[in-house]
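Below is one structure, written out as structure tokens; comments come after it.
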Amino acid sequence: MGFMFFVGSLQKGHYKFQFTQFAWTHMALYLIVVQAHFVMNNIFEGMIWFFLPVSLVITNDIFAYICGMLFGRTQLIKLSPKKTVEGFIGGWIFTIFFGVLLTNLLMRYKYFICPVNDLGANVFTGLECDINPVFIKHTYRLPFIPPTWSHLPVTISVEPMQFHILVMATFASLIAPFGGFFASGLKRTFKVKDFGDSIPGHGGMTDRMDCQFIMGFFAFMYYQSFIAVYKASVGSVIETAITGLTPEQQMEVVKGLSKHLVNQGVINPKSCIMVYTASFAFFEAIWEAGITHCFVNLGSDHPSIIEAMVKGQNEKKGQFPKIITCPNEMVALSMADGYARLTSKPQCVIVHVDVGTQGLGAAIHNASCGRAPVLIFAGLSPYTIEGEMRGSRTEYIHWIQDVPDQKQIVNQYCRYSGEIKTGKNVKQIVNRALSFAMSDPKGPVYLLGAREVMEEDLEPYHLDQSFWHPVEPTALNPSAVETIAHALVNAQEPLVITGYSGRNHACVSTLVHLADTVKGLRVLDTGGSDMCFPADHRGWLGLRYAVDEAIRTADVILVLDCDVPWINTQCHPKEGAKIFHVDVDPLKQQMPVFYLKALRRYRADSETALKQLTEYTESESSGLKDKVSTKAFEERWQKLGEQHEAKLETIKSLAVAGDDGSYATSFLINRVRKACPQDTIWCIEAVTNTAFVADQLQATIPGSWINCGGGGLGWSGGGALGVKLASDSESGGPGKGKFVCQIVGDGTYLFSVPGSVYWIAQRYKIPILTIVLNNKGWNAPRKSLLLVHPDGAGSKVSNEEHNISFAPTPDYSGIAKAASGGECWAAHASTAEDLERLLKEAVEAVKAGRTAVLDAHLDGPQGKYGGGKAALVG
């Protein structure tokens with residue numbers, strides 16, 4: 001700005017004067033203000049750095065004058081005729097002597113040698129500091145002393161400052177005086193005796209200030225270059241290093257420093273700060289792929305996993321999977337299964353080496369048969385023993401849990417299994433696994449990685465998720481659409497048999513549309529794993545496990561996403577029936593033995609196939625549109641309605657209590673359905689009672705009925721928690737999702753590991769209602785026996801003799817109450833009257849955020865915990 005004003009003020013005729021003043025001003029600023037700045041800095045570094053340079057100049061000036069007067073004969077420089085060589089040399093010698101003596105005196109006192117950090121300090125208060133090493137004596141070996149001259153000392157002890165004073169005294173004597181010579185030349189140039197007129201006060205003794213400014217500047221530069229000790233705090237270094245850096249760049253700084261310290265041997269690689277490890281990249285990968293929850297059971301193979309969890313939860317600010325601790329592996333996988341089954345979004349389970357993998361137990365079978373997209377990760381025992389890498393073996397158990405091929409424990413149940421062998425492609429491996437999990441037929445995938453690999457430090461990186469998608473659903477070819485559509489329309493008793501098509505919630509409405517178009521089409525569910533067809537549709541035949549009269553009488557059957565459409569030894573289609581099989585997995589690749597007498601089988605997405613069939617049937621070109629509108633089809637429609645009403649009446653007639661107040665499954669479930677909200681999600685594992693439960697619940701909402709996908713009993717405990725967690729998460733948070741009710745057989749309840757289930761429910765505030773169907777034990781083995789040996793010896797004895805009775809039964813609801821630390825609502829209902837009362841209490845408890853377990857005594861209280869009365873446990 002000043003430069004701009006100067007240029008703007010220039011006037012013609014005064015240029016020389018104005019530029020002369022401009023030059024004088026800047027010269028004065030340079031020679032006085034700038035130099036004075038360095039002198040002031042010297043004072044703050046210690047008073048010695050002010051007094052010593054000033055004294056040296058004064059001393060040199062005095063003794064140069066004295067020596068010149070006494071011995072001067074030879075002129076030194078024409079600019080100053082009175083200056084002599086003898087005076088110049090003499091002043092140098094005396095200045096060195098004086099400097100050594102003054103230095104020896106001043107460095108005895110901290111007041112002179114300590115930097116000034118407190119402006120209020122003075123000679124009386126004194127100063128304290130860590131003394132600069134130049135003021136501390138050092139021992140030096142004298143060079144060129146012959147060994148034979150033993151009478152001479154070979155070392156001396158002296159403060160390094162005494163050497164530095166020789167340099168400063170020399171500068172003050174030989175260089176600084178030229179500041180005075182410069183001033184003399186300037187005065188002669190302008191023909192003035194002194195600068196008293198231009199620079200007030202200049203002249204006489206103040207002429208020496210020319211030398212002082214040069215000496216002050218030199219002292220500053222010399223001190224900063226050779227004497228100053230730079231000490232910085234950790235905080236100041238960090239602040240300087242990261243100012244202006246992004247968080248990612250700051251991480252790189254820390255990582256680089258960590259590597260440097262390892263390379264220098266300062267720190268052990270095992271104790272190196274982990275910034276971005278393979279484990280952290282693993283969590284980033286699953287989050288970016290859409291996984292929102294990790295159900296974990298951690299162990300000695302997971303140090304880096306735990307570190308990554310803590311780091312992610314602290315730094316990612318919600319952009320990190322939610323960690324759910326599960327004391328049992330089967331419960332963990334069942335929760336992930338239930339979550340994925342409701343949402344079709346994959347979730348993650350983390351378990352501990354081979355034993356944790358085996359702990360998954362029946363849950364891995366259920367996820368495989370139920371086609372639940374779940375990513376399972378397990379650690380491996382470390383493969384280094386002597387500390388060669390971070391993550392090497394540190395515990396006894398690392399030897400015991402080292403097995404030849406860990407993934408073979410679950411490989412046959414998984415769509416993909418693989419080992420993470422380096423952290424550098426961990427995200428690619430995760431996404432490859434998830435591509436299998438999410439591509440039909442969906443299912444679990446298994447990854448494993450050793451401690452050393454998961455501890456590996458990486459450069460942070462990201463994958464473009466737009467390139468990682470599952471295989472797109474397939475459709476029927478045009479000829480298949482035509483063949484199946486004509487067969488269904490021309491059939492007298494067309495039948496659709498489905499098992500898990502409702503896994504895709506959108507498929508329910510497409511199947512309804514087809515049934516509305518081809519009037520007379522009936523739908524039978526023989527899988528029971530999902531709500532595939534609504535009970536309020538007149539084509540609904542309900543759930544029957546592969547045994548139903550409709551199978552025997554149908555002339556055209558479309559098997560749609562079904563594993564077991566019928567059981568040949570119990571029920572099968574009639575001769576001549578036309579069978580078409582449309583499935584995402586028509587070959588049932590996980591089953592060694594499977595075949596149907598199907599005319600055609602197609603690998604296709606059920607929703608897509610149903611849309612194709614309906615659109616073709618309704619098209620003018622098909623020739624079927626007019627046919628399905630004829631009177632014959634209207635009559636079929638009317639007949640279906642009558643049959644449906646009769647079926648509902650029959651179901652209703654079963655929902656009655658006994659005269660003694662006892663009740664059976666039909667009455668219980670009828671009352672449960674009425675007590676719970678209309679949009680309740682039912683998690684079912686009722687085994688031999690499943691058909692009765694389905695008849696009474698009569699589910700109509702897609703996704704409202706979810707059963708175990710396989711045959712590994714114990715799914716519903718964790719499954720119900722996963723479903724509730726998913727419903728809440730999809731609806732905006734805890735308590736905002738739908739009401740969830742688990743209906744489970746008593747034996748299956750014990751399989752579900754209730755100690756873990758209800759601890760998790762309480763720990764993470766996941767309220768569900770559990771109805772335990774207490775019929776004193778396992779009835780399924782008895783049924784299996786009678787199917788093979790209907791008149792055998794076993795048919796004539798009791799369940800106790802079969803070793804399948806639980807009488808006297810455990811306190812099922814009490815187990816849950818104990819596991820929840822006494823927080824769970826728990827009760828037993830032995831009579832219909834008490835059932836009505838307790839159901840209301842249980843439902844209200846769940847709505848208030850408290851898990852409830854009701855032990856329902858089927859067929860009376862005999863042999864059941866509670867003593868025959870509805871005893872409220874808590």
Side-chain angles (χ1 to χ4, degrees), residues 24 27-28 30-32 34-36 38-39 42-43 47-107 112 158 161-223 226:
W24 272 111
M27 183 175 177
Y30 173 74
L31 293 177
I32 300 174
V34 174
Q35 303 280 11
F38 294 115
V39 174
N42 291 341
I43 293 174
M47 295 297 290
I48 191 172
W49 305 112
F50 171 74
F51 282 117
L52 198 57
V54 168
S55 300
L56 291 174
V57 171
I58 295 173
T59 301
N60 178 260
D61 191 56
I62 292 172
F63 281 98
Y65 176 78
I66 294 174
C67 291
M69 290 291 293
L70 295 176
F71 311 108
R73 298 291 183 271
T74 308
Q75 188 182 53
L76 177 66
I77 188 170
K78 292 182 178 181
L79 288 173
S80 295
K82 296 182 180 180
K83 301 296 190 294
T84 64
V85 174
E86 293 79 5
F88 194 66
I89 300 300
W92 176 26
I93 295 172
F94 280 100
T95 301
I96 289 176
F97 282 124
F98 175 81
V100 171
L101 294 174
L102 183 62
T103 298
N104 187 56
L105 175 66
L106 294 180
M107 65 183 181
F112 289 102
V158 65
M161 185 60 195
Q162 297 290 12
F163 298 118
H164 291 296
I165 195 60
L166 298 179
V167 177
M168 298 182 73
T170 298
F171 186 92
S173 302
L174 304 183
I175 308 294
F178 281 83
F181 303 156
F182 174 81
S184 297
L186 194 63
K187 287 187 286 184
R188 294 181 184 280
T189 300
F190 289 94
K191 299 179 181 181
V192 293
K193 175 64 177 174
D194 55 46
F195 297 132
D197 295 331
S198 301
I199 308 176
H202 195 80
M205 195 180 81
T206 58
D207 283 342
R208 306 286 75 76
M209 295 307 296
D210 304 310
C211 303
Q212 292 288 5
F213 284 137
I214 293 178
M215 187 64 199
F217 175 69
F218 171 78
F220 173 83
M221 297 303 296
Y222 188 85
Y223 172 82
F226 302 107

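These figures come from a predicted structure and were not determined experimentally. The figures that follow rest on heavy atoms only: side chains count, while hydrogens, waters and symmetry mates do not.
- Ring geometry for Phe51 against Phe112 counts as perpendicular: the plane angle is over 60°, on a 0 to 90° scale with 30° as the lower cut.
- Within the 4.5 Å cutoff, the side chain of Phe163 has heavy atoms near those of the Val158 side chain.
- Partners of Ala169 by side chain to side chain contact (heavy atoms under 4.5 Å, CB included), not counting sequence neighbours, listed by chain and number: Leu56, Thr95, Ile96.
- Here the closest non-hydrogen pair linking Ser173 and Asn60 is OG-ND2, 3.0 Å.
- Counting heavy atoms from C-beta outward, Leu52 and His164 have side chains that stay 4.5 Å or more apart.
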Exercise answer: donor-acceptor pairs, residues 85-94 side-chain atoms, under 3.5 Å, sequence neighbours excluded:
unit_1: Glu86; atom_1: OE1; unit_2: Arg73; atom_2: N; d: 3.1
unit_1: Glu86; atom_1: OE1; unit_2: Thr74; atom_2: N; d: 3.1
unit_1: Glu86; atom_1: OE2; unit_2: Thr74; atom_2: OG1; d: 3.1
unit_1: Trp92; atom_1: NE1; unit_2: Thr170; atom_2: OG1; d: 3.2

Could you pull out every donor-acceptor pair under 3.5 Å between side chains of residues 97-106 and any protein atom, sequence neighbours left out?
unit_1: Thr103; atom_1: OG1; unit_2: Gly99; atom_2: O; d: 2.7

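- Closest heavy-atom contact between Ala219 and Asn42: CB-ND2, 3.8 Å.
- Between Phe218 and Met215 the shortest side-chain heavy-atom distance falls below 4.5 Å.
- Between atom OH of residue Tyr222 and atom CE of residue Met168 there is a gap of 8.0 Å, rounded to the nearest 0.5 Å.
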